[in-house]
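Values below: all heavy atoms of this structure, side chains included; hydrogens, waters and symmetry mates excluded.
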Amino acid sequence: MKRKKIILSILVLIILYIFIDINISQNFLLIRRYEVQSDKIENDIKIVQLTDLHCKTFGENNKNLIKKIKEQNPDIITITGDMINSDTSNFDELILLIKKLKNICQVYFSLGNHEDTNENINDIIKNIESSGAVVLESNYKDIIVNRNNIRIGGIYEYLISNMDKEKLSYSFAKKFNNTNNFKILLSHVPDSYVLWDGFKVINPDLVIAGHYHGGLIRIPFVGGLFAPEQGYFPKFDCGKYNINGHDVIISSGLGTNSIIPRINNRPEISVITLTKSDNS
């Protein structure tokens, strides 16, 4: 009898912990910091990345999210898609968020699969641009940030070595490569770079991505439980990876469109500092 009570008490504690953690993993923002070194960088650049919001809000009009971002004092903000869902018809909250972010610094937006498959995609892009953000979809901008020459581009489509050379994405990749500037690629789905041979087509110094939701449920000392295209216990779920000399940062994102909640997986704001290489 005493043993049953102990087991029952343990089960109750586990269930209580899970419920508390689900609340934390949906609502308590986490700042995750990364550093990328390069001899192409002379003066530090601070980048805030947002991804995979999926229509979630953090406080009224996202005031908690905006406050956290503002505290980071970023030089640029990058958004790597899936800020809405594929069936979203009212995107006023997203547009309001972008307008408020634009008051902090310049915002660069690349599309995710949920924007790409939304029937209102043209209106979404038009409104994002009207809000002050730069939409990067198979295009790039050459910019100067803190006296550093930067090429920042964005692409949703997959890049692989045997792709059709007539495709717009292939043409974009070739043009994107043609610079000595530090190259940042915003690409919602990182499959081309961590799973396939996309770096044979495009040559960024840094890829900033999302999509995997950190594996959704994160198991202590193991990592994410499941990620698209990788299945269970994915090798790549979130964090910084170096693939054939290219840095890839994959954020676990801010929300989810799954009926399964995030567990042990707080919503992430990525803060990426580009800094001069120690070997420079």
Side-chain angles (χ1 to χ4, degrees), residues 28-52 65-81 101 104-110 136 140-154 176 179-190 192-194 198-199 202-215 218 221 223-224 227 234-254 265-280:
F28 287 76
L29 290 161
L30 170 70
I31 302 294
R32 186 167 280 141
R33 301 185 187 280
Y34 304 95
E35 181 179 276
V36 174
Q37 295 188 1
S38 172
D39 58 9
K40 297 178 183 179
I41 299 295
E42 288 296 326
N43 305 294
D44 286 5
I45 299 173
K46 187 180 287 187
I47 303 169
V48 160
Q49 177 208 10
L50 307 177
T51 193
D52 295 280
L65 178 60
I66 294 163
K67 180 176 180 290
K68 281 281 189 184
I69 294 168
K70 196 170 184 178
E71 287 171 353
Q72 307 313 308
N73 193 28
D75 295 302
I76 62 173
I77 295 170
T78 60
I79 299 177
T80 51
L101 294 178
I104 301 172
C105 62
Q106 184 59 62
V107 179
Y108 296 91
F109 193 112
S110 67
L136 298 171
Y140 63 82
K141 296 286 184 183
D142 287 322
I143 60 176
I144 298 175
V145 185
N146 297 344
R147 300 189 300 279
N148 300 286
N149 294 312
I150 304 295
R151 174 165 290 182
I152 183 167
F176 179 83
T179 183
N180 292 322
N181 294 355
F182 185 90
K183 298 185 291 294
I184 301 170
L185 183 66
L186 310 182
S187 188
H188 176 73
V189 182
S192 297
Y193 318 106
V194 299
F199 287 129
I202 198 163
N203 186 36
D205 297 287
L206 171 64
V207 174
I208 302 177
H211 188 58
Y212 294 156
H213 295 185
R218 295 193 61 76
F221 311 110
K235 180 179 179 180
F236 305 100
D237 49 17
C238 65
K240 179 185 173 186
Y241 305 92
N242 189 276
I243 309 294
N244 299 324
H246 304 268
D247 286 314
V248 180
I249 291 176
I250 305 173
S251 171
S252 63
L254 292 160
N265 187 9
R266 287 170 61 186
E268 175 181 340
I269 299 171
S270 302
V271 178
I272 305 163
T273 300
L274 307 183
T275 192
K276 188 173 183 177
S277 172
D278 291 337
N279 298 322
S280 297

Could you walk me through whether N43 and V145 pass the side-chain contact (heavy atoms from CB on, under 4.5 Å) check?
CA-CA 9 Å; N43 305 294; V145 185; over 6 Å; no
Rounded distance (nearest 0.5 Å) linking atom [atom1] of [X] with atom [atom2] of [Y]:
| X | Y | atom1 | atom2 | result |
| --- | --- | --- | --- | --- |
| K183 | N180 | NZ | CG | 7.5 Å |
| I202 | F176 | CD1 | CZ | 5.0 Å |
| S110 | I79 | OG | CD1 | 9.0 Å |
| L65 | L50 | CG | CG | 5.5 Å |
| T78 | I76 | OG1 | CD1 | 6.5 Å |
| K141 | I184 | NZ | CD1 | 15.0 Å |

For Y193 and L185, run side-chain contact (heavy atoms from CB on, under 4.5 Å): C-alpha distance rounded to whole Å, both residues' side-chain angles, the deciding distance at 0.1 Å, then the answer.
CA-CA 11 Å; Y193 318 106; L185 183 66; 3.4 Å; yes
Would you call [X] and [Y] a side-chain contact if the rule is heavy atoms closer than 4.5 Å?
| X | Y | value |
| --- | --- | --- |
| L206 | I249 | yes |
| D237 | H213 | no |
| L254 | D52 | no |
| V36 | T273 | no |
| I150 | N181 | no |

Between Q72 and R33, is there a side-chain donor-acceptor contact under 3.5 Å, judged purely by atom types and distance?
yes
Would you say S252 and E268 are linked by a side-chain donor-acceptor pair, where the criterion is simply a distance under 3.5 Å?
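Present: a donor and an acceptor within the cut-off.
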Between the main-chain N or O of [Y] and the side-chain N or O of [X], is there a donor-acceptor pair closer than 3.5 Å?
| X | Y | answer |
| --- | --- | --- |
| Q49 | S270 | no |
| H211 | H188 | no |
| T51 | T80 | yes |

With sequence neighbours left out, the residues meeting side-chain contact (heavy atoms from CB on, under 4.5 Å) with I243 are V194, F199, F236, Y241, V248
Hey, is [X] close enough to [Y] for a salt bridge, meaning N to O under 4.0 Å?
| X | Y | value |
| --- | --- | --- |
| K40 | D205 | yes |
| K276 | D44 | no |
| E42 | R147 | no |

Let's go through I47 and I77 carefully: what are the C-alpha distance in whole Å and the side-chain angles of both, what is the deciding distance for side-chain contact (heavy atoms from CB on, under 4.5 Å) to 0.1 Å, and is it a yes or a no?
CA-CA 6 Å; I47 303 169; I77 295 170; over 6 Å; no
Only counting residues at least two apart or in another chain, list the ones meeting side chain to side chain donor-acceptor pair (under 3.5 Å) with D75.
N146
Excluding sequence neighbours, so at least two apart, what forms side chain to side chain donor-acceptor pair (under 3.5 Å) with E71?
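Residues passing side chain to side chain donor-acceptor pair (under 3.5 Å) with E71: K67.
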Counting heavy atoms not belonging to [X], are there more than 12 under 6.0 Å from its [atom1]?
| X | atom1 | answer |
| --- | --- | --- |
| N242 | CG | yes |
| K70 | NZ | no |
| K46 | NZ | yes |

For [X] against [Y], the heavy-atom pair lying closest together:
| X | Y | answer |
| --- | --- | --- |
| I69 | P74 | O-CD, 3.5 Å |
| P190 | G210 | CD-O, 3.5 Å |
| L186 | L136 | CD1-CD1, 4.2 Å |
| H246 | P204 | ND1-O, 2.7 Å |

What's the verdict on side-chain contact (heavy atoms from CB on, under 4.5 Å) for S277 and S38, showing C-alpha distance, side-chain angles and the deciding distance?
CA-CA 5 Å; S277 172; S38 172; 5.6 Å; no
Ring-face cation contact, F28 with R266, 6.0 Å cut, 45° max:
no
